[in-house]
Amino acid sequence: MHSTIISSIKHHIYKARESETLMSEVSRIICVLMPHAFLVAGLNSSGKIKLAQYYGYDKQLEPWHNDFFEQVLKNEPLLGDLSILPKVFIASGKQIIVPDELYNKEDAEAWLRSMHFVEADEAVYEYHLDDDKAQLVFAAPHTGEALAKRYFNHATIRPLNAYQYKCEETDIPYFAHGTFMEESGWISLRKKGKLLWNHYFTYGNAEEIAYYLASACKEHDIPHSELTIQFGVVCPELQHLAAELKAFFPSLRDDNVSPDASYQSWAPVLYMIQQINKCVS
């Protein structure tokens, strides 16, 4: 299995410019752990992304495979200074949101387990949603915690889609915010900043994503013409989703990040990294 995993690793790299000094400009590291992938980025003190690397392996193989993470993490140059890596973000499709006035740690975990099958090798975490006055309770494999202890200096674990709960678009009537991995993703829907709907789902193509979002709009009586959409993706191979979704939702915004022409496919990845960076403090 080890040789199969290692031989199938995909690798994409982004550089703000070609320079041997980029590593010295990095003052913060963002790491994202996913079932079949790892994303790492180095940012400078002003939040500009200087370097980013994505590693992934065949989704037909076992998720959260230790050999993959061992191979990638022990050789990743951006992990040389763990003092600038305060948080690790992890993909979790098993989530519930509990309002602060109803939150009790034991009860919340019981609710999560009643709605999702939390396996024996998964741990339960919580992340406070300041803008929504609620707790996001989620389950993630113990692999994430073990890697955080071994490679990330016990960095705090947070959900990958945490940035979707930063309520910054209060002047927009209806705003949909998404995060997409290969074959799965999260979408949240807000009305003038108020969270209306949040959903994790699997998908096969952009049309299926559009269907989930259109169903939510219908449920909440939201005209497509009044919906603003923005999303991030975990790897440049998913950049095509922007153009495909725009055919269903013309108001989709995809121009927030403008890398050099040679890195255009990284635009929605860089957007996601910038949003994640807002959740580090």
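For K194, the side-chain contact (heavy atoms from CB on, under 4.5 Å) test picks out no residue, with sequence neighbours left out. With sequence neighbours excluded, no residue forms a salt bridge (charged side-chain N to carboxylate O under 4.0 Å, His left out) with E219. Qualifying salt bridge (charged side-chain N to carboxylate O under 4.0 Å, His left out) partners for K149, counting only residues two or more places apart in sequence or in other chains: E145. With sequence neighbours left out, E207 forms a salt bridge (charged side-chain N to carboxylate O under 4.0 Å, His left out) with no residue at all. For P86, the side-chain contact (heavy atoms from CB on, under 4.5 Å) test picks out V280, with sequence neighbours left out. Remark: E18 engages K15 in a salt bridge (charged side-chain N to carboxylate O under 4.0 Å, His left out) (not counting sequence neighbours). Partners of E183 by side-chain contact (heavy atoms from CB on, under 4.5 Å), not counting sequence neighbours, listed by chain and number: K59. A search for side-chain contact (heavy atoms from CB on, under 4.5 Å) contacts involving S27 returns S45, not counting sequence neighbours. With sequence neighbours excluded, the residues forming a side-chain hydrogen bond (donor to acceptor under 3.5 Å, both in side chains) with T179 are Y163, Q164, listed by chain and number. Considering only residues two or more places apart in sequence or on other chains, D121 meets the side-chain hydrogen bond (donor to acceptor under 3.5 Å, both in side chains) condition with none of them.
A distance-only check finds no donor-acceptor pair linking the side chain of N277 to the backbone of I273 [under 3.5 Å]. Side chain of S184 to backbone of M181: no donor-acceptor contact under 3.5 angstrom is found. No donor-acceptor pair under 3.5 Å is formed between the side chain of Y151 and the backbone N or O of L79. The backbone N or O of A155 sits nowhere less than 3.5 Å from a side-chain atom of N153 that would complete a donor-acceptor pair. Between the side chain of H65 and the backbone N or O of D67, at least one donor-acceptor pair lies under 3.5 Å. In this structure a side-chain-to-backbone donor-acceptor pair under 3.5 Å is missing from H224 to A214.
In the hydrophobic clustering, where aliphatic and aromatic side chains (Ile, Leu, Val, Met, Phe, Trp, Tyr) are joined below 4.5 Å either directly or transitively, I13 stands alone. The other members of the hydrophobic cluster of V124, by chain and number, are I96, V98, L102, Y103, W111, L112, M115, V118, V137 (side-chain heavy atoms under 4.5 Å, ILVMFWY only).
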Inset, instruction - Evaluate side-chain contact (heavy atoms from CB on, under 4.5 Å) for T143 paired with N66, printing each intermediate quantity in order. - result: CA-CA 8 Å; T143 301; N66 190 62; 5.5 Å; no

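Looking only at side-chain heavy atoms (C-beta outward), K191 and I222 stay at 4.5 Å or farther from each other. Looking at I30 and I49, their side chains never come closer than 4.5 Å, going by heavy atoms from C-beta outward. In this structure the side chain of F69 reaches within 4.5 angstrom of the side chain of L33, judged on heavy atoms. The shortest side-chain heavy-atom distance between F248 and I209 does not fall under the 4.5 Å cut-off. Within the 4.5 Å cutoff, no side-chain heavy atoms of L238 are placed close to those of P268. The closest side-chain heavy-atom distance from L245 to I229 is not below 4.5 Å.
Screening Y200, Y125, Y127, Y165 against F138 for a ring-ring contact (aromatic ring centres under 6.0 Å, His included) leaves a single residue, Y125. Each of W186, F180, F201 was compared with Y212 under the ring-ring contact (aromatic ring centres under 6.0 Å, His included) criterion, and only F201 meets it.
The CH2 atom of W64 sits 9.5 Å away from atom CD of E122, with the distance rounded to the nearest 0.5 Å. To the nearest 0.5 Å, atoms CG (L213) and CD (E208) are separated by 14.0 Å.
Aromatic ring orientation, Y14 versus Y263: perpendicular (interplanar angle above 60°, classes split at 30° and 60°).
E76 and Y55 share a donor-acceptor pair across their side chains, judged by distance under 3.5 Å alone. Side-chain atoms of H128 and D100 include a donor-acceptor pair closer than 3.5 Å.
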